[in-house]
Amino acid sequence: MELVNPATGESIGDVPLASVEEADAAIGRAAAAFEAWRAVAPADRGRLLRRFAARIEAHADELAELEVRNSGHPIGNARWEAGNAAAVVDYYSAAPERLCGRQIPVAGGVDVTFHEPLGVVGIIVPWNFPMPIASWGFAPALAAGNTVVLKPAELTPLTALRLGELALDAGLPEHVFTVLPGAGPVVGQRFVAHPAVRKVCFTGSTAVGKQIMAGCADQVKRVTLELGGKSANIVFADADVAAAAAAAPMSFCDNTGQDCCARTRILVQRSAYEPFLAALADALAAVRVGDPREPETQVGPLISAPHRDRVRSYVDDAEVLLRGTAPDGPGFWYPPTVLAGGAGTDRAWHEEIFGPVASVLPFDTEADAIRLANDTAYGLSGSIWTRDLGRALRVGREVRAGNLSVNSHASVRYATPFGGFGSSGLGRELGPDALAGFTETKNVFLADS
Ligand code: NDP
């Protein structure tokens, strides 16, 4: 697979893609490594993961630079992403020693539960956040005593390959964590079909997620799905409207909008609509789109030329209200863009665009805002801007989404659960309960006579 720098369109080398036979061999080695890895004492497993986290931290600049070249992420974002992967591994390094079962009172003996690892876990990673999304899967999976095979996206395998090397450097035994670049329908599909893989963690499009779920059903295989989004950013007139407008551009332009949590449907209470739009125009014009190697750059290119064509196709059909700037010339650039929103059949209003494009629509009442926010099959994230605490709570309880923020657009923290309602997915990643998704609960009753 030839890899391309999205900021320049130039080749940066190539990576061999694994065949079905190579995928099966790697899964077989991971299965063979499982018994020894699950038998590693909890404190030792924790220590190895802490060493892995420290290796990632020590190589954060190198990993960030790889991501800038391979994914076009601004260097500031890429450093955060490497730091996030290190922090996630560090957080779950404490888990092996805290993977406690329960003692449940019953008649005639003692009843205890154990959390047993599943075996081999297959992780399928998309191209939008190669390091964080990989670590959200592999860190809790390894901590729980599973072995992991991980398929990065074809377009962005470099940081995952480096993470695999750093795991070995840190002392993780061979074949406990294997990174396997390959095509989705080849390697990803083997994770679904191979009986030794006992769970698949998938992040990507809803269409492929549904196929993965259907495929996993055949073997009653565990599956976690983190899929698309079309999240609402609800701005009430009682909010700090200037702050809401200033924060809005990066809520859908961060990572060039290639973010499942992007707030791409902006709902503004009618009495605040005009002032909000005026302030949004200023904020959008100030977004710095450009060379991802420059520390002050906020937004880089899109991932590929075909993806840019796809993003553009939504804008071609819509009424453009505001448009920022982007470099000309080589690279897959697209300017931040705000469209007039509409319900009905408006594609840009209903479908995930995955580019720096949002739609804005006025609303009248709190009930209207909730109805519009919920007018989607997705349910991943969203934001509510208001100074009224009661309203924040009411609306927060009514919007159907897994991750909401009030007066903020922050969605993801490694210590809190992350995942979606409806077509946005199944199961939760991150947070204190993530290991439950990588273990089976076993109940053992010991008779006292
Ligand atoms: P895909 O869902 O096709 O790809 C995501 C991952 O799944 C990649 O690793 C891909 O491999 C793999 N994959 C693809 N087909 C299969 C298969 N049949 N079996 C197993 N694994 C498979 O997303 P795209 O990259 O095509 O992006 C399309 C759209 O999906 C985006 O525009 C966006 O709307 C959404 N998306 C959402 C993401 C999110 O974070 N929720 C992330 C990425 C995309 P390969 O790289 O080889 O194709």
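Note that ligands are numbered from 1 as they come in the structure, with each ligand's atoms numbered from 1 the same way. All of these numbers come straight from a predicted model, not from anything done at the bench.
- Closest to atom 47 (O) of ligand 1 by heavy atom, among Met1, Glu154, Gln258, is Glu154.
- Which parts of ligand 1 touch Arg310 is read off a 4.0 Å heavy-atom cut-off, strictly below it: atoms 32 (O).
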For a side-chain contact (heavy atoms from CB on, under 4.5 Å) check, start with the C-alpha distance between Glu81 and His73, then their side-chain angles and the critical distance, and finish with the verdict.
CA-CA 10 Å; Glu81 290 160 25; His73 293 187; 2.9 Å; yes
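- With a 4.0 Å heavy-atom cut-off, ligand 1 is reached by the backbone of Thr203 and by its side chain too.
- Heavy atoms of Gly182 come nearer than 4.0 angstrom to ligand 1 in at least one pair.
- Nearest residue to atom 36 (N) of ligand 1 from Phe354, Phe202, Trp127 is Phe354 (criterion: closest heavy atom).
- Contacts between Val125 and ligand 1 below 4.0 angstrom, taking non-hydrogen atoms only, involve the backbone exclusively.
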Val338 vs Leu284, test: side-chain contact (heavy atoms from CB on, under 4.5 Å). Steps then yes/no.
CA-CA 9 Å; Val338 174; Leu284 202 75; 4.0 Å; yes
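- Nearest non-hydrogen protein atom to atom 28 (C) of ligand 1 is Ser205 CB, 4.3 Å.
- Scanning the protein heavy atoms around atom 41 (N) of ligand 1, the nearest turns out to be Leu227 O, 2.7 Å.
- Between the side chain of Arg428 and the backbone N or O of Phe418, no donor-acceptor pair lies under 3.5 Å.
- Note: Phe354 and Trp127 meet the aromatic proximity criterion, with ring centroids under 6.0 Å apart.
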